[in-house]
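First comes the structure, then the notes that go with it.
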Amino acid sequence: MNILTVRDLCAGYGATDVLHKVSFTVEQGSIVALLGANGAGKTTILRALSGLLPSRGLVEFGGTDLRQCSPARRVELGLAQIPQGRGTFGDFTVEENLAIGAYTINSKRQIKEDMERWYTAFPRLAERRRQQSGNLSGGEQQMLALARALMSRPKLLMCDEPSLGLAPAITEQIFEIFKSLNHDHGMTLLVVEQNADLTLQFAHTAYVLEAGDITVSGPASDLLRNEAVQQSYLGV
Amino acid sequence: EEPSAGITDDTVKIGISGPLTGPVAALGAIADGVRTRTDPINVAGGVRMADGKTRKIELLVEDDGLDPQRTLTNVRKLVEREEVLAVVATAGTPNNQAIGRYINQRGIPNLFMYSGVHELAGPEWEIGFVPSFTTEAATFAKYLLDNKRQAKVALLYLNTETGQTFQAALESAISDSGVTIVAAQPVTSADPTVETQLSTLKASGADTLVVITGPRQGAEAVRFATESGWKPTTLISNIAASIASLKPAGLENAKGVITSQFLKQVNASMPGDDVGVKRYLADHAAAQSKFSTEDALGQSGYAIGDALVKVLESMKAPTREAMMEAARNLDHAQLDLLLPGITLTTKTGEDVYPIESLQLFQFDGAAYQPMGDVISFEGKTPRH
Amino acid sequence: MNGTRLFQSAPAALVTAVALCLPFLAPDFMLFEFSIAVCYGIAILGLNLLLGFSGQICLAQGALFGIGAYATAILNVNFGMDPIATLPFAAIITSLIGVLIGLPALRLQGLQLAIVTFGVASAFPQLLLKMDWITGGVTGLATDQPLAPKWFPGSQELWLYGLSLICAAISVFMLRRLLRGDTGRLMRALRDNPLIAESLGVNLTKARLAAFAASSALAGLGGGLFCILNGFISPQSFLPMKSIDILIGGIVGGITSMAGAFIGAVFIVFVPGWTTDINPALGGLIYGLCLIAMMMVARQGIAGLPIGRSLQALGGIFNKKDLSRVPGPLPGQLGGE
Amino acid sequence: MAVVAPAAEEGCPVLSVENVDVRFGGIQALKSVSLNVHMGEICGLIGPNGAGKTTLFNCITRLSTVATGTIRLNGQPIETLPPRQVIRSGIARTFQNLGIYVGMTVLENVMLGAHHISGGCFIDALVRPRHSWQREQEIERRCRDILADLGLEDVADVAAGSLPYATQKRMEIARALASRPTLLLLDEPAGGLTHGEVTEFGALVSRVREAYGVTVVLIEHHMGLVMSLCDRVEVFHLGRNLASGRPEEVRTNPAVINAYLGRSR
Amino acid sequence: MVLFFQLLIDGLASGAIYASLALALVLIFRATRIVNFGQGEMATLSAYCAWQLCEWGLPVALSFLIVGAASFLLGVFVFRAVIKPVSKAPVETIVVITLGLFVFFQSLCLWLWRADQRAFPAMFPSGGWDILGVRVTASALCILLVLLCLAATMGAIFRFTRLGLAMRASAYSSEKSLLVGIRVERMLMLGWGFAATIGFIAAVLVGPRLFLSPTMMLPILLYALASATLGGWDSPLGALVGGLIVGVAESLGATFLPFIGADLRVVIPIAVTLVILLVRPVGLFGSSTVVKV
Ligand SMILES: Nc1ncnc2c1ncn2[C@@H]1O[C@H](COP(=O)(O)OP(=O)(O)OP(=O)(O)O)[C@@H](O)[C@H]1O
Ligand SMILES: Nc1ncnc2c1ncn2[C@@H]1O[C@H](COP(=O)(O)OP(=O)(O)OP(=O)(O)O)[C@@H](O)[C@H]1O
Ligand SMILES: [Mg+2]
Ligand SMILES: [Mg+2]
């Protein structure tokens, strides 16, 4: 079953469209990778899906037509995004960032549990609990953004270059976390990544976006062997 | 004689520039007051002037927000585009100064300015109305010299020409007497409260408080004087003394306050049988004026309108010169709202002060009661 | 070179054309009012330089305007200088004082700077009163009016109007020099992100003060002209609201547009009068609504209106680029992130 | 105003950092860190997140204050220079999270890099417009050359904010080069690049080193790039020096693997 | 000495007045990152409405309740009508709009009720105590207490509740807030509503002392702005402390600094603010906004 269906999505900035009728689907419980060169429009897709950009075309999430939904409503439905770059509230402390991430959660206990869980996963954040998040290092902020998005326990998590600025060890750890979330909790993931090696190894399905159009799609393992993909994304 | 611009056989155009908007929009009541007088006259056919013709008065009001620069542009607009015969009731000393040179060069009468300072930049072509602040200072001094020879005065004054003129005049009026000014504190219209000044004044050990400020600070001073247990003899300028403006301070606190007035007391609910007041109330109703009948500024405006009518009536020719001539030679002209015994008198070259008399009043908790007779400084208004 | 949208662009051409045609269209008293608008326009140019281009807000522009006016008046009254000859001095004196006022800007930005400078504006009239030995206190100062020379064919008003236009032209000319090339770029860098500007070698102290100095000089020039036009000045003309008016003029016209400065000036000079003409009792009400509506329609100021833009496209044949301006938070975090 | 670059003495490192300590309130971000970079070298700087790499860059460019220790450029101490003088002494940098002016065009951004050369004197602009105009033209020409060199000539007149992330990073490098640096500090320049682009980028850096004669310090988490490009790698951990040496040595160092690289490599 | 203490007390009393408007300004700034120059005038309108209801014979408490609620709606209405449509515009635009609100509401009051000052119904007892010659009025004390409670409550809401956190988040960045599921617009609307209510409370507190008039908030605007800046714009408690500092400094300075005197007292709030900001650029209680590269 598809948790997300996108058909003929067009979006852009100002008068010019960046996306030209993009269509793809994400299956419930799968990990989907979205590859593409710089400026292909990956971020634009995610922003359109989150409702931050006006868009045309059909977007269906878990049976709900998202076109009528405000961005906040989409989060409530279980669609979370880790934005690219500095996604944290710089003036807020680390703890407040996590608390605001759980804005849609009502159970105090769950919030507390989750917070502890991510603090254990990222001890760095625990050390910096009371520090303003804008003062964290780039990688620490990235961890925080990730933990914050996970606080809302989304059904579908869209990550925009989650490994950006992260040390290799941490990148690996994050992918481990993704895997376990997917495996143990059935969370669906839509990952935009430049680290194509790693991504294709753990994703089930993959799409390649080029200049606002999906050009290649298929099971991730197939793409790993696709020559064009190898050339531009795998550095073989 | 060739008639001046702004006057035809059946109308005469008069301009007013005053603050209708902004923080001092209260002064806008003056323009409305003038209109309150002229509207009913127009309805009745107009003013019969000394040249035998009856003319309606066309009033043109412009807003200047009390900015002297805008007053100047307004007056220029009134004179050059609207071609008014004269401007009246221009409020504010700097505003009248700003237009002084222009009206003097052009020969435009600037009649009955609403400013307590009379020696301004256009001496030939302007004339004041309300008593000079020096007159008021002299009145207060006279009261103190007569009733409280050893008074120790604390002075709260507005830090503009108003207060400064008053202060200087009071000082000279009480020199060589037992009355002394022991402390003086300025207030500005931008001060949020004046308690600091009042505390300082109280600490000076004064037994008399003289207040020359706007209504807000006046009311505050009155309240403070009683509430703080100070209870000095309080003399308060007529610009702040109206009952309406003392009301927020609590009328019981205002008991005993002394002021000097030149306008009659108007109490709409108990009109009494004064002919002038009755006419004023009738005109106010007829003109559907916005200001309250008890608004002293509106009353001043009405009186100015009345004075304007008197000047028009005595104009022998339809010219600006004749108008100025008439305004400069008023002879005991009586106005509806002036207290009995107070009249307008001027003389070309000698006497530029239309009103030079004041009467002292004391507040009894409900109304002002007259104290003694009108004190007249006719022909001897102290210059500053 | 990415020419800056300055004088050549469509709104500017329009404003220039209107300014030159006015003497044939408007009666004398209107010319006088327009001359006054030109004075404000010059002061607003200064504010644009400061707020629009270097990202520092100064709410004491009205006070600086007043300082220029008083400089002219004092030089004329006490030293007998010809009023017109005082103008450069007015600009220089104001510029020096402007630098003093700008000193806090070295540490404070945005809202804080706005409030501190607004405090200066509030204190200014009181200071004038306090220093009555030189400013004439409440009585103000009356200056000589420069009469039109004999050879001048038009009226006195036209002469003064011409004088204002010349001052305006000089101001625009000087400002253009500052805004193009390296100095212009560094001011915009300062505005958009001072930290990075500094690491690129921009001397923040110097740049900020220079912007203040230039801006104040313009305010002073405008003020001096204002004094000449009126022939009389008093503290009552320089209340803190004047600074707010100038700010409104700047923003309504368009904070990064030179033509906008003059459009904004015309707005603040004429619109309050018109609104009271519509209805004396409701004047303020209409003016308030007018301001709100204006900004809702023309978010980037009148000079940024679509009409302006389409005209500009027409004029684009001669013209190249817009001066860039990031929409979003005001310099120094007056707003959002 | 020419670039003040003190002549490098023989054998003396271009950049030498000795025992630098940095504190932010209670947090000690750098503890007695040292680093030497030699002429013409590409030195990689790696370490786990929060190890203090960016902080070190900030110290060198004087955006953070050094508590103790010295930083020398060509033997001259620079830790007390005012921040705006740093670029003049020949150090240029890029920022981890982009320090570009999104509202300006690419060319304007790059020309800002040359600001300290052209001076930007207000008086000059007012009274000698021709002079400053000429200088402006000259700098523009040079900046356009740099842009062409980095393959950015097509976007020279595009607002920087609307460009893709990687192009923006490249533009930042162009800006750094416009300041005629001797030392180039790159903070995660390859973040967000695809594999193909990373390779291209590596070639670009090598080329830039040759063509502009700069010494490069490179912070990067992309191991492939670091290993292939750098002459020497310095590893930080928890604000201290952890290891240093040639890429191969570092890659196999167990401490580095443990703290930074993780299992797979 | 008695004078000194009297002035100190006076200063605290006027400081409370400044603080009350400052509190409303800080609230709206915290919740929307906008300084609403029309805040005081909106409060004046509310105060007039309350006064009018009392004049028509409603009990004071009831009319205050009604108007308190109406003020909230007024704030919400203003937000929806004029702020929301321009929420993406540059901040200068919004500054001018709030100035427009300032002019509009002032003129509205002027038109409806004219310029005369009125007696605003007092909530607190009018008496006072003489302590060794120093007069302490009951109303000033009550105002201070109420403000303290208000500031503490507001501070706590912002700090510890989800609502407060969400309001701050919306003010910080609407995009990031949307991504965590905050209904940003609703938060901003609430911010305007609450600020209008607090403004009304401020007007109720100071009305009896300043007298009700269309321009009653105008003279205290600068002082309130200075107080808020002094306190750091971020903290309601800071606004209160800032107000008191400004009040006391002004009261003492105007009397004991001969070169300033009562006529130049307007210099004092700015001088104090400037000095404190130069020492502590974020204000007394402000937290620094993070600028990191
Ligand atoms: N705010 C904006 N205004 C105008 N154009 C934009 C804006 N943001 C992005 N673009 C343009 O849209 C296109 C797609 O950008 P997008 O950020 O979606 O790319 P991407 O695939 O996410 O690339 P990256 O790997 O750099 O994140 C790019 O060509 C970019 O120039
Ligand atoms: N201004 C500051 N205030 C407080 N702590 C800070 C500040 N700047 C940096 N830090 C802390 O110092 C440490 C080092 O930060 P730095 O940015 O140098 O890390 P980094 O090595 O660049 O990491 P990354 O690879 O994630 O960018 C971090 O833990 C960070 O939280
Ligand atoms: Mg992207
Ligand atoms: Mg870093």
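All chains are named by letter (A, B, ...) in the order of the sequence lines, taking the proteins before the strands, and each is independently numbered beginning at 1.
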Okay, E:R265 and chain B: the region with an atom under 4.5 Å from a heavy atom over there is side chain
Item to check | Centroid-centroid under 6.0 Å between B:F133 and B:F166 rings | outcome: no
Most heavy-atom pairs under 4.5 Å with chain B, out of E:R135, E:M216, E:R209, E:Q117, belong to E:Q117
Whatever's closer than 4.5 Å to a heavy atom in chain E on B:D191 counts as both
Applying a strict 4.5 Å limit to non-hydrogen atoms, the region of B:T188 in contact with chain E is side chain
Okay, E:F120 and chain B: the region with an atom under 4.5 Å from a heavy atom over there is neither
Applying a strict 4.5 Å limit to non-hydrogen atoms, the region of B:L20 in contact with chain E is backbone
So CG of B:D67 and OG of B:S17: to nearest 0.5 Å the spacing works out to 10.0 Å
Between B:L156 and B:A221, the two heavy atoms sitting closest are CD2-CB, 4.0 Å
Shortest non-hydrogen pair, B:A241 vs B:Q261, comes out as CB-NE2, 4.3 Å
- Just checking, is any N or O donor in the side chain of B:E161 or B:T93 under 3.5 Å from an acceptor N or O on the other one? yes
Whatever's closer than 4.5 Å to a heavy atom in chain B on E:D116 counts as side chain
If one checks every heavy atom of E:L221 against chain B at 4.5 Å, the contacting part turns out to be neither
Residues E:D10 and E:Q6: side-chain donor-acceptor under 3.5 angstrom: yes
Counting heavy-atom pairs under 4.5 angstrom with chain E, the leader among B:K202, B:K247, B:Q185, B:K290 is B:K290
Original post:
Does the side chain of B:L281 come within less than 4.5 Å of B:T293's, by heavy atoms?
Top reply: yes
So, the part of B:S292 with a heavy atom under 4.5 Å from chain E: the answer is both
Okay, E:L210 and chain B: the region with an atom under 4.5 Å from a heavy atom over there is both
- Thinking salt bridges, do B:D63 and B:R70 make one under a 4.0 Å N-O criterion? yes
Okay, E:S107 and chain B: the region with an atom under 4.5 Å from a heavy atom over there is neither
For E:W113 and E:Y48, take the angle between the two ring planes, folded into 0 to 90°, and tell me which bin it lands in: parallel under 30, tilted 30 to 60, perpendicular over 60.
parallel
Cut-off 4.5 Å, heavy atoms of chain E, and the answer for B:E227 is both
Under 4.5 Å to a heavy atom of chain B? For E:P208 that would be backbone
Whatever's closer than 4.5 Å to a heavy atom in chain E on B:A29 counts as neither
Could you tell me whether the side chains of B:S199 and B:T196 share a donor-acceptor contact shorter than 3.5 Å?
no
